[in-house]
Amino acid sequence: MEDQVDDPKRISARQWMKRINRSLKFRDQVRDRQNWKRILEEYKGEYKVNSSGINSPPINLVYGYVHTAIPRIYFRDPHMSINPKGAESIGAARVLELVINYIFRELNLKNEVHRLLLDAFLYGHGWLKYGFIGKMGEAETEVPTEKSEYVKDEEIFAAYVPYEDVVFDVTLCQDPPHDCRWIAHRIIRPVSEIKDDTKYENTGKIKSNITARDAKGDKVDDALKDSDLELFEFWEVHDKDSNKIYCVAQNMDRFLRETENVYAMEGLPFSMLKFNMIPGEPYPLSDIFIIEAQILERIRLRASQLNHVKRWNRQLSIEINSMAKEEMEKFSQGIDGAITQRAKGSEPPTPIQYAPIPAESFQIDNLIQRDIDTVIGQSEVDRGGEAKTQTNTKFELQGQLMATSSRQSLRQDKLEDFLEEVARKIIALVKQFQTTPKYIRITGMDEAQIAEAFAGMRTDSTGIYFTKDDIQGEYDIEAKAGSTLPLNRENRVKIIESALNPVIAQVLGIMPGSPTSIALGKALFRELDMPEVSKAFDVQSQQMQQLQQSAPGLQMGPDGQPLPPESPQPAPGAPAGGGENVQHVVNYQAPPGLPPPGMA
C-alpha cells in the first residue's frame, strides 16, 4: 500500500523513485557519450584499439596526464583565512581560523579531495558530502554514507562520494549543486543492518535488491561474485523545496525514512568540483574525453612502429628444397649450438629486408602530442620530460612554462573557490553541532602567549579548547592563493624573490643589511644550491655587521654601502649672505676597510 499523501504537494516514495530513475537515465546518457567507463579502463592501462591484431604495450597517457595535473594544483591542505564582518567578531575569527585549518587536517580532507580530483579529471566532476553523525538534542541527524575511517560517530564529516552514487534534479539545473532543487545519494548496506537500525521504518519485508556485481561493477573480482552477503540499495533524497530528507528504494511504496532537515548550512549538503562547464548543460566535460581520440591515435601509431621493427627480426626467406622439414623446425627453435643441414650449394636462410620506418611516422607522433599539449595545457616539461627549445636558453624555457601556467592558474583558482565553499559548509556544521569542548593544538607559541592571545578561553601549554559559542559571528572566508601548491624549490625561490623586491621590502620594513634581509639572502642561495656564493654572502654579512657595531648610527644605502653623515644646517638667525662667512668643517672618518665618500 502506498504512503497516504494528505498534502497534494507532497511527493510519494514511488514518485521520488521516478524522479531518481529519470535523472539516472540522463546521467548514464552523458556517461556513455563521454565514455566514462572506457576512460576508467584506460586509466588502469587497458586500451582497446583496433591495431590489426598487433600486440604491443600501450602508452598510458591517461594515467600520466592525471597524475601530473593533480599535484600541480593540489599538493597540501589549503590555508583558510577568516576575516570578521564586524568588530565584535574579531576574537572569534582568530579562533575560527585555527579551528577550520585544524579540522581540514583532522578530517584528512587532503585524501578526500585527492579522490575527488581524480574523478574531476577522469569524468569531469567529483562530489563531496557533508554531515554530522550523532544526535542534536532529541533529534538524530541524517543517515551516514557508510561509517568508515573518515565518517565516525559523534563527528562532523566531509566525505568523497563516487559519481555513480549521486544524481540530482536535471530539469532546470545548470550549475549543480547551487541551483538543484534536490540531490539523491545512493547508499548500499547489508539487509540485516537496515532491519536492526531503529532509524528506518517499513523494513520488515525488505529483501536483497542488489548483488556484489551490481554494486562493484562488471569487473568485480570472481571471489565476490558468489558473496553470501545480502545487500540492500536505497536512495537518500535531500529536498530543498520541502526541507526534508527522504529514504526511498526501488519497488517500495513507503518511505524507509522521512525526517526534517536539521542542517542550518546554506544550500544542500553537497559540493561538486568541475573545471570544464558546458553552457546550458548540468554535466561538465571530462579533460580526458577532450583528448581521448588523440591518445588512441598515438597508441595505434606506436603499435605500428613496434610491429615494423619486430617484423624485421622474425621473417626469413629460404630457397625451395634447400632444407628438409625436420631441419627447418630445428632451425626455427633457435637452440644455441644446434646443428642443421641444408642442400649443398644452397644459401642459408636470410632476413627479408623491409623498407625503413617512414620518417613521417615520427613527425606525426610529435604533432599529435603537440595537439594534446595545446588542447589540455600540459607541456613535456610539466610531465617531467626534457625541455625542447630552439636556443637552449633559460628565457625560452621560462616562456614555455608561462604558457601552461595560465591554464594551471585557472584550475587552481576554481579549486580554491571550491575549497572556500567546503570551509563554509564545515564551519556551518561546527557552529551548529560543536556543543562539547574540542581541543585545538597551537604551534609556535608558549603557554603564556597562548593564554594572553586567547584570554577568557580554556587553554593549556599547547593549545585551546573551544565550543560553538566561541566562534559565532559572520565571516568572510578565503583560501590563501597558492597555499595548495607544493612548496618545492621553484615556489620557495619565487616567495623569497618577492620578499626581496624593493617595493615589497620597503612596505614590510626590510632594510638592506637587516637581519631579515640577511636571512632571506641566505635562504635564496641555499635554495639555488650555490654553496660558494652562500659562503661569500656569509662573509659579507659578517663584515656589514662589524661595520654597524664599530660605527653606531651608521646608515646603509639601498646599495648596501654606508651613507656619509649629513652636513649640519646653519643655526637660525645666522648670517646667510653679506655677513660673516662661516665655514663648517666636517671631519669624516670612514670605517675600517671603506674609502671616504667620493674616493671609491
Review point. Does Asp28 have any side-chain hydrogen bond (donor to acceptor under 3.5 Å, both in side chains) partners at least two apart in sequence or in another chain, and if so, which?
Key: Arg31

Study note, to complete from the structure: Sorted by chain and number, sequence neighbours left out, side-chain hydrogen bond (donor to acceptor under 3.5 Å, both in side chains) with Glu106 holds for Lys438

Check this for me, if you would: do [X] and [Y] make a salt bridge, where the nitrogen-to-carboxylate-oxygen distance has to be below 4.0 angstrom?
X: Glu327; Y: Arg342; result: no
X: Lys48; Y: Glu42; result: no
X: Asp169; Y: Arg19; result: no
X: Glu41; Y: Arg38; result: no
X: Asp32; Y: Lys37; result: no

Review point. When you look at Trp16 and Trp235, which way does the ring pair (Phe, Tyr, Trp, His ring centres under 6.0 Å) test go after all the steps?
Key: CA-CA 9 Å; Trp16 272 117; Trp235 292 85; over 10 Å; no

Practice item. Nearest 0.5 Å please: distance from the CD1 atom of Ile206 over to the CE atom of Met252. Key: 6.5 Å

Review point. In terms of the angle between their ring planes, are His125 and Tyr163 parallel, tilted or perpendicular, with boundaries placed at 30° and 60°?
Key: perpendicular

Point to revise | Aromatic plane relationship, Tyr283 with Phe168 - under 30° parallel, 30 to 60° tilted, over 60° perpendicular | key: tilted

Revision key, fill the gap. Tested for salt bridge (charged side-chain N to carboxylate O under 4.0 Å, His left out) against Arg186, the lone hit among Glu164, Glu236, Glu233 is Glu233

Point to revise | Any side-chain donor near an acceptor of the partner, Asp179 and Gln174, under 3.5 Å | key: no

